[in-house]
Amino acid sequence: QVQLAESGGGLVQAGGSLRLSCAASGRTFSTYALGWFRQAPGKGRTFVAAINWSANRIYYVDFSVKGRFTISRDNANNTVTLQMTSLKPEDTAVYYCGAVPQASYDYSKISEYIYWGQGTQVTVSS
């Protein structure tokens, strides 16, 4: 069992930055990769970024966030962080942290995720 709790969301102007954190607990935390998904109003939950335990598998959705978002992991403190810079209004969404088995082939596939946090709202004003 893994419990996840996101924090760090808020309201920011376009061009600004936010740092999201996901605190994880549970004895089997090290067997999971962690990912960030987001869900904009009226849309489905979509993949943003993911990182495995040793940080040798790191993925970003595509050019829309790569270069602006950075995912990192602190295993000593059981946290994963999503640093977001140069934020755009289209980044507005609820951001969710999820846990996927490290052996999963595709960290971007939502059906692979087993545990989820409650989400944190990010709003970017123009």
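Only this structure's heavy atoms are used, side chains among them; waters, hydrogens and symmetry mates stay out.
- Put simply, the side chain of Leu18 reaches to within 4.5 Å of the side chain of Leu87, judged on heavy atoms.
- Two residues are said to be in side-chain contact when any heavy atoms from C-beta on lie closer than 4.5 Å; Met84 and Tyr95 meet this criterion.
- Rounding to the nearest 0.5 Å places OG1 of Thr81 at 11.0 Å from CZ of Arg73.
- For an aromatic pair to be called close, the ring centres must be under 6.0 Å apart, and Tyr32 with Tyr115 satisfies this.
- Side-chain atoms of Arg38 do not come within 3.5 Å of backbone N or O of Ala93 as any donor-acceptor pair.
- Residues Phe69 and Val61 form no side-chain contact, since every pair of their non-hydrogen atoms from C-beta on lies 4.5 Å or further apart.
- Under 3.5 Å, the side chains of Gln3 and Ser25 contain a donor-acceptor pair of N or O atoms.
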Is there a side chain to side chain contact (heavy atoms under 4.5 Å, CB included) between Arg57 and Ile51? Walk through the geometry before answering. CA-CA 6 Å; Arg57 289 179 65 186; Ile51 186 169; over 6 Å; no

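- Contact of the Glu112 side chain with the Pro101 side chain is not registered, since no non-hydrogen atoms from C-beta on lie closer than 4.5 Å.
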Tell me, with the steps shown, if Ser17 and Val12 meet side chain to side chain contact (heavy atoms under 4.5 Å, CB included). CA-CA 7 Å; Ser17 300; Val12 64; over 6 Å; no

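- Note on Ile114 and Trp116: same hydrophobic cluster, where clusters join Ile, Leu, Val, Met, Phe, Trp and Tyr whose side-chain heavy atoms are under 4.5 Å apart, directly or indirectly.
- Residues Gln118 and Glu6 are in side-chain contact: their nearest non-hydrogen atoms beyond the backbone lie under 4.5 Å apart.
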Begin from the C-alpha positions of Gln102 and Ser104 and carry the test side-chain hydrogen bond (donor to acceptor under 3.5 Å, both in side chains) through to its verdict. CA-CA 5 Å; Gln102 291 228 99; Ser104 175; over 6 Å; no

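- Centroid-to-centroid, the aromatic rings of Tyr96 and Phe37 stay 6.0 Å apart or farther.
- Within the 4.5 Å cutoff, the side chain of Tyr113 has no heavy atoms near those of the Arg45 side chain.
- When side chains are defined from C-beta on, Val124 does not count as touching Gln13, because their heavy atoms never get closer than 4.5 Å.
- Closest of all the heavy-atom pairs between Ser54 and Asn56 is OG-OD1, 2.9 Å.
- With no hydrogens or angles considered, no side-chain donor-acceptor pair links Thr92 and Glu90 at under 3.5 Å.
- Side-chain atoms of Asn77 and Thr79 form no donor-acceptor pair, as typed in the model, at a separation below 3.5 Å.
- Annotation: side chain of Arg19 is not in contact with side chain of Thr70 (no heavy-atom distance under 4.5 Å).
- Minimum interatomic distance between Leu11 and Ser125 (heavy atoms only, all atoms of both residues): CD1-CB, 4.4 Å.
- Heavy atoms only, all atoms of each residue included: Ala14 and Ser126 are closest at CB-CA, 4.4 Å.
- Formation of a donor-acceptor pair under 3.5 Å by the Thr120 side chain with backbone atoms of Gly9 is found in this model.
- Tyr107 pairs in a side chain to side chain contact (heavy atoms under 4.5 Å, CB included) with only one of the listed residues (Ile58, Asn52, Leu34), which is Asn52.
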Let me see the working for Tyr60 and Trp36 under side chain to side chain contact (heavy atoms under 4.5 Å, CB included), right down to the final yes or no. CA-CA 9 Å; Tyr60 297 93; Trp36 287 96; over 6 Å; no

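- The one candidate from Leu20, Ile71, Leu82 that meets the side chain to side chain contact (heavy atoms under 4.5 Å, CB included) condition with Val48 is Leu82.
- Listed for the Thr85 side chain is a donor-acceptor partner under 3.5 Å among the backbone atoms of Arg68.
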Would you check, one step at a time, whether the test side chain to side chain contact (heavy atoms under 4.5 Å, CB included) holds for Asn75 with Trp53? CA-CA 7 Å; Asn75 292 330; Trp53 172 261; 3.3 Å; yes

